[in-house]
Amino acid sequence: MSIAVNEKLVTWIEEKVKSEYADDISLALLYGSFVNGTANSRSDIDCYFIPRTERGYRLAGTFMIAGVGYDIFPIDWERVRNIANLEEGLLPLVGDVKVLYSASEENLGRFRGLQVQMKDNLADKQKSQTAARKRAESAYKLYQDMCKPNPLVEIRKLAGHIIMQLADAAAIYNHDYFHCGLKMQFQDLLKLQKEKGIPIRICEEYLHTVQAKTAEESIRHSYGMLCTVGEYIGVGFSEDLPKDHAESGEAAEVKDSALLAGLYEEISSTFNKIYVCCETNNYILAYLSAVCLQRELDDAHREYSSE
């Protein structure tokens, strides 16, 4: 997909909001590769909006152009505030955006205030350390799941989520985050080691986990990173792991199968990232993207399976 086509789409989104949803949308924002300069020939446009009314949610949509998937999706003010308070990931969605549309100076000022709030929270030692420790604790819970009987694909998926959470923990502990998301996460982790002096073993275990070929290697190296990050940020982990438990027998709610169109867009977008990684021999991002793709497929199976 050429840059020119994506630029035309950005113009189309802006005009659509102004002409059809001016009274229903507080803000429309761009983020990701189109904004941070890391786009490639298969990159999409990352766009979200903050609704003002129920009608505003109708702007949401997914579509495909020349094999590239696009997703325009809503995030409410509460979730933006949660991100600014470091309670969720996705910090670039607040910190690294281009405002495409603002309904008023008041709405823009409100968002700018949340950007300042996020910056202040990152700079605050207690708040950044608390957020970092919560991410490390989330990684430990994933490690507990990993230590149950699992097929290799499940172990590798969990290992990927563990190292992503732990990398986030190391960055936030140092009052920062990964401005380009997963695309540059390992490179930025190396910069943290060089500039902030985080233990080199964090980077080594991250890389070893990506390169692991067996379940035992995945478990060993993800645990190595877990322990190293935990020691670095002051979190201790018990060696007592939970015993297996029976899965719930509750039937999953059957969802509208038409929603699978959005899933198809998401899957196509992630596959494009993997294709580019293969073409450029970027095996680290290929692994992380595959982990995210597998999560999407697993979630879809749980939501739409009739079994």
Side-chain angles (χ1 to χ4, degrees), residues 1-39 43-66 68-121 177 179-181 255-256 258-270 272 296 299 303:
M1 179 62 63
S2 68
I3 295 176
V5 171
N6 281 344
E7 289 176 345
K8 289 180 181 178
L9 282 170
V10 169
T11 300
W12 175 79
I13 294 170
E14 183 178 11
E15 291 176 350
K16 187 174 182 67
V17 173
K18 290 179 178 179
S19 63
E20 299 180 31
Y21 294 94
D23 296 328
D24 304 292
I25 302 295
S26 295
L27 290 167
L29 307 108
L30 302 175
Y31 69 100
S33 61
F34 187 81
V35 172
N36 62 38
T38 62
S43 292
D44 59 357
I45 294 171
D46 298 299
C47 178
Y48 76 94
F49 61 92
I50 304 176
R52 294 176 65 189
T53 68
E54 282 299 316
R55 183 179 181 276
Y57 284 90
R58 298 181 190 175
L59 177 63
T62 59
F63 52 93
M64 302 282 297
I65 299 178
V68 176
Y70 294 87
D71 185 14
I72 305 170
F73 61 95
I75 295 182
D76 59 28
W77 281 111
E78 181 179 1
R79 189 173 183 198
V80 175
R81 185 171 60 251
N82 288 341
I83 294 171
N85 286 331
L86 313 182
E87 295 171 7
E88 293 191 39
L90 306 176
L91 271 62
L93 271 69
V94 173
D96 301 86
V97 298
K98 176 181 178 181
V99 176
L100 191 60
Y101 169 82
S102 175
S104 66
E105 287 298 320
E106 180 182 359
N107 282 284
L108 182 59
R110 183 179 180 182
F111 185 79
R112 295 302 188 202
L114 289 171
Q115 287 184 308
V116 172
Q117 182 176 322
M118 189 177 85
K119 184 177 180 180
D120 290 344
N121 286 334
Y177 62 97
H179 296 262
C180 294
K255 301 296 183 67
D256 182 359
L259 297 176
L260 286 170
L263 175 66
Y264 177 73
E265 178 280 327
E266 183 68 26
I267 290 173
S268 297
S269 179
T270 308
N272 279 332
E296 292 289 340
D299 289 345
E303 291 184 16

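It should be emphasised that the depicted structure is a prediction, and the values quoted were computed from it without experimental measurement.
Residues L100 and I13 form a side-chain contact, since some pair of their non-hydrogen atoms from C-beta on lies under 4.5 Å apart. With a 4.5 Å cut-off on side-chain heavy atoms, F73 and T62 do not count as touching.
Across all non-hydrogen atoms, the minimal contact from L86 to M118 is CD2-CG, 4.1 Å. Among all heavy-atom pairs drawn from R52 and D23, the shortest one is NH1-O, 3.9 Å. Residues P51 and Y57 share a closest heavy-atom pair of CG-CZ, 3.6 Å.
Scored by the side-chain hydrogen bond (donor to acceptor under 3.5 Å, both in side chains) test, K98 finds no partners at all (sequence neighbours excluded). D24 is linked by a salt bridge (charged side-chain N to carboxylate O under 4.0 Å, His left out) to R55, counting only residues two or more places apart in sequence or in another chain. Under the side-chain contact (heavy atoms from CB on, under 4.5 Å) criterion, A60 pairs with F49, P74, sequence neighbours left out. For the side-chain hydrogen bond (donor to acceptor under 3.5 Å, both in side chains) test, residues two or more places apart in sequence or in another chain that qualify with R79 are E88.
Y70 places no side-chain N or O within donor-acceptor distance of the main-chain N or O of L9, the cut-off being under 3.5 Å. Side-chain atoms of Y177 never come within 3.5 Å of backbone atoms of G89 as a donor-acceptor pair (strictly under, hydrogens ignored).
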For a quick test of your reading: what N or O donor-acceptor pairs under 3.5 Å do the side chains of residues 26-36 make, sequence neighbours left out?
residue : atom : partner : partner atom : Å
S26     : OG   : N107    : OD1          : 3.2
N36     : OD1  : T38     : N            : 3.1
N36     : OD1  : T38     : OG1          : 2.6
N36     : ND2  : G32     : O            : 3.1

For residues 109-117, dump all side-chain donor-acceptor pairs below 3.5 Å to protein atoms at least two apart in sequence or in another chain.
residue : atom : partner : partner atom : Å
R112    : NH1  : Q115    : OE1          : 2.9
Q115    : NE2  : V94     : O            : 2.8
Q117    : NE2  : N85     : OD1          : 2.4

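In this structure, the separation between CG on D46 and CD1 on I72 is 11.0 Å, given to the nearest 0.5 Å. Rounded to the nearest 0.5 angstrom, L93 CG and I83 CD1 are separated by 5.5 Å. In this structure, CZ in R81 is found 13.5 Å from CD1 in I75, a value given to the nearest 0.5 Å.
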Between T53 and Y21, is the side-chain contact (heavy atoms from CB on, under 4.5 Å) condition met? List the steps. CA-CA 10 Å; T53 68; Y21 294 94; over 6 Å; no
